[in-house]
Amino acid sequence: MSRVERPAGTGLSSVGADRFDASAAVGGWRGVVESAVPTLVFVVIMAVRPTALVPALVASLAVSAVALVARLAQRQGLTQVLGGAVLAVLSAAWAWRSGRASNFYATGLVINAVWLVACLGSVAARWPLVGVLMGLWEASTGETGQSDGGDDASSAPTGPPSWTAWRTDPAQARRRRRYVLGTLVLAAMFALRLVVELPLYLGGDATVSALGVARLALGLPLFALTCWFVWLLVRRGSADAV
């Protein structure tokens, strides 16, 4: 069976590609602008004028709205920018209702906490998130029909292959371990964000500028680096199972 090459994807789908592309992982230059600029605008305005909460929120939302309208006008994919716009609205609403600029970042903390629990929970349940995603991606390209390391051709499965075979197949034990490691790497990213950002958030408006800088630094750059590490593990794991 000829192997279908998996193209570089965006977000977590980038770890399933045959070649890692850091730019594609973060959505290209446009993804960087759409994800980072609203936060950057908020950070800059609050740094220049700490009492200008409402103008900072309005400016941040305006940037997200412009990005969304541009996508609509060009009939391009809306997944990333729409998700960012919804997050921006929720963040702005939380900060406005509370009157605390630091709450602009509260939704991000909640999202990171949820992802951290999901990653650790998937490992505890023996369904590591990276393995589940890889299994689904391979099933979508028909790659699960390949032999997974057995030397005896007669031992190859004759029925429809399962995208969860890596969980129970002894020949894929190393792949399974790498999926666990990859999921733990993801968990470490979310944990690091919480460890750095939560104390700054609890510091209130006095540390809101530092929190904004931390959010930017631990955002797309750390995400791209994490995806690269996970991709290395997944690629090696795939080689182990060939």
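Here the CG-CD1 distance, from L53 to I45, works out to 10.5 Å after rounding to the nearest 0.5 Å. Distance check: S98 OG to N103 CG gives 3.5 Å after rounding to the nearest 0.5 Å. The CG atom of L186 sits 8.0 Å away from the CH2 atom of W115 when rounded to the nearest 0.5 Å. Separation of atoms CZ (R178) and CZ (R235) is listed at 10.5 Å; rounding is to 0.5 Å. One distance of note links CZ of F190 with CZ of F223; it measures 7.5 Å at 0.5 Å rounding. For the atom pair CZ (R174) and OH (Y179), the distance works out to 13.0 Å, reported to the nearest 0.5 Å.
Note on residues 201-222: pairs passing salt bridge (Lys or Arg N to Asp or Glu O under 4.0 Å), not counting sequence neighbours, are E197-R215.
Under the 6.0 Å cut-off for aromatic ring centres, F42 and F104 qualify, their centroids lying closer than that.
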Checklist entry - What do the steps show when you test Y105 against L200 for side-chain contact (heavy atoms from CB on, under 4.5 Å), and what is the final call? => result CA-CA 10 Å; Y105 305 101; L200 295 174; over 6 Å; no
Checklist entry - Taking it one step at a time, do L184 and C119 satisfy side-chain contact (heavy atoms from CB on, under 4.5 Å)? => result CA-CA 7 Å; L184 291 177; C119 287; over 6 Å; no
Next on the checklist: Using the rule given for side-chain contact (heavy atoms from CB on, under 4.5 Å), can you reason through I111 versus L87, listing the C-alpha separation, both sets of side-chain angles and the distance that settles it, and then say yes or no?
Outcome noted: CA-CA 10 Å; I111 290 173; L87 179 59; 3.7 Å; yes
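Side chain of S102 to backbone of G204: no donor-acceptor contact under 3.5 angstrom is found. Using a distance-only test at 3.5 Å, with no hydrogens or angles considered, no donor-acceptor pair links the side chain of S60 to the main chain of L57. In this structure, R193 contributes its side chain and G219 its backbone to a donor-acceptor pair below 3.5 Å. In this structure, the side chain of N112 engages the main chain of G108 through a donor-acceptor pair within 3.5 Å.
One hydrophobic cluster, built from ILVMFWY side chains closer than 4.5 Å, cannot hold both L198 and V213; they sit in different ones. Hydrophobic cluster membership differs between V110 and L90, with clusters built from Ile, Leu, Val, Met, Phe, Trp and Tyr side chains linked at under 4.5 angstrom. L136 and W127 fall within a single hydrophobic cluster, where Ile, Leu, Val, Met, Phe, Trp and Tyr are joined by side-chain heavy atoms under 4.5 Å apart, directly or via other members. Cluster membership check: L216 does not share its hydrophobic cluster with L109, using side-chain heavy-atom separations under 4.5 Å among Ile, Leu, Val, Met, Phe, Trp and Tyr. With hydrophobic clusters built from ILVMFWY side chains whose heavy atoms lie under 4.5 angstrom apart, L225 shares a cluster with L233.
When all heavy atoms of V234 and V130 are compared, the pair lying nearest together is CG2-CG1, 3.7 Å. The minimum heavy-atom distance between V41 and V63, with the atom names listed, is CG2-CG2, 3.9 Å. Counting all heavy atoms, side chain and backbone alike, G135 lies closest to W166 at CA-NE1, 4.3 Å. The minimum heavy-atom distance linking A101 with M46 is given by the pair CB-CE, 3.6 Å. For the pair L222 and L192, the tightest heavy-atom approach, listed with the atom from each and the gap, is CD2-CD2, 4.0 Å. For T183 against S122, the heavy-atom pair with the smallest separation is CG2-OG, 3.6 Å.
Applying the side-chain hydrogen bond (donor to acceptor under 3.5 Å, both in side chains) rule to S91 yields the partners T107; only residues at least two apart in sequence or on another chain are considered.
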